[in-house]
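Report on the following structure.
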Amino acid sequence: MKLVLATAALALATFLPPAASRAADAICYNCPPEWANWGEMLDAIKRDLGVEIPRDNKNSGQAVAQIIAEKASPVADIAYLGINAGISAAEQNLVEPWKPARFDAIPQGLKDADGRWWTVHQGTLGLFVNVDALNGAPVPACWADLKKPAYNGLVGYLDPTSAAVGYVSAVAINSALGGSLDDFSPAIAYLKALAANGAIVAKQTSYARVVSGEFPILLDYDFNAYRAKYTAPGKFVFVLPCEGTVSFPYVMTLVKNAPHPETAKRVLDYLLSDKGQLFWTKAYLRPALPVAIPQEIAERFLPASEYERAKSVDWAAAQRAQKAFSARYLAEVR
């Protein structure tokens, strides 16, 4: 009888797909395969460390909400978050203070002093444009252009009350149009105008929807636009709006009482290794550490003079302002 059971179990294991026959070694919340080339990064982690991490399509706000819901019995080991969400998670005691190897080399302003979060890379917010899907409209150059009738129904952005890139879009617009973190009136008025012009609001990362033409224009980061421009079929461009924009750090955190802390720490160290940081440059992200961007990659970015329009932001202050902005957005725009 034991032999029959063993033979049956062996046969079943033979036909099970790998994902079903092997449990995850660690869990990362908000590591979506279509975002920042996380899919290839997770493949590299499996190849180089032997650590299996499932893909996860949450956004930053959803990741933090899930960690809160699971606080009594954590599921996630690490989380990848926009810096404002990372600050929020730290303030809510959802993450473990821990400093990865090379923590000291991360510039000030891009890390929490106690190691509750730290930057792995940055992107600059602008317009990710599928030129072939514009229906003859010109490539926009400025934020103001998107309110014109020619772009009716052609513009998309992520929900600014949940997704980090959505809130960064609001901060960028507000700053470019003369607002401040104490007054989001310019952004609210602008987003109301976009809504009147048929703007589409998404909850999840929408790279594939731009490539397919569903979103001809998406308020998104440079790294996604460059990825499409140089790897996807079709014609894609990235626009830094003439009025100005902002750059934004993305951070890693170690979840408090993570179920696989030692494995998680190996992964977090890997992301700050030369190999991990160099990987981000190949995905058109600016690494947190001073790793040289290969010349052939650097040449694919817009000129440095264009990036001079990207302003610095006090993201801790922006995080404190987010609740009031979200309340206004829900009341006045959505």
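Just so we're clear, the structure is a prediction, and the values are computed from it rather than from any experiment. Hydrogens, waters and symmetry mates are skipped; everything else that's a heavy atom, side chains included, is used.
The side-chain tip of K275 does not point at the ring of Y270 from less than 6.0 angstrom away and within 45° of straight on.
Here S162 pairs with N59, Q62, D159 under the side chain to side chain contact (heavy atoms under 4.5 Å, CB included) rule; sequence neighbours left out.
With no hydrogens or angles considered, no side-chain donor-acceptor pair links Y230 and R300 at under 3.5 Å. At a cut-off of 3.5 Å, with distance as the only test, a side-chain donor of D183 or S185 sits close to an acceptor on the other residue. Between the side chains of T124 and R286, at least one donor N or O sits under 3.5 Å from an acceptor N or O. Between the side chains of E70 and Y29, at least one donor N or O lies within less than 3.5 Å of an accepting N or O. With 3.5 Å as the limit, one finds no donor-acceptor pair spanning the side chains of S273 and Q277. For the residue pair H121 / Y80, a side-chain donor-acceptor distance below 3.5 Å is found, with atom types taken as modelled.
Residue D25 holds its CG atom at 9.5 Å from NZ of K46, rounded to the nearest 0.5 Å. Considering NZ of K71 and CD of Q66, their distance stands at 14.5 Å, rounded to 0.5 Å.
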Show me the side-chain donor-acceptor pairs of residues 315-327 shorter than 3.5 Å, one per line, residues at least two apart or across chains.
unit_1: Q322; atom_1: OE1; unit_2: N84; atom_2: ND2; d: 2.9
unit_1: S326; atom_1: OG; unit_2: Q322; atom_2: O; d: 3.0

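In this structure, the ring of W38 has its center no less than 6.0 angstrom from the ring center of Y250.
Between V129 and the options L218, L154, V210, V237, a side chain to side chain contact (heavy atoms under 4.5 Å, CB included) holds for only V237.
Ion pairing between a basic and an acidic side chain is recognised when a charged N comes within 4.0 Å of a carboxylate O; R227 and D220 show no such pairing. Using a 4.0 Å cut-off between charged side-chain N and carboxylate O, D269 and K99 make no salt bridge.
Heavy-atom minimum distance, G244 versus A176: O-CB, 3.5 Å. Shortest non-hydrogen contact noted between D145 and Y151 is O-CD1, 3.0 Å. The heavy-atom pair separating L240 from R309 by the smallest distance is O-NH2, 2.6 Å. Of all heavy-atom pairs between W118 and P100, the closest is CE2-CG, 3.5 Å.
The neighbour count for K256 NZ, taken as heavy atoms of other residues, nucleotides or ligands under 6.0 Å away, is above 12.
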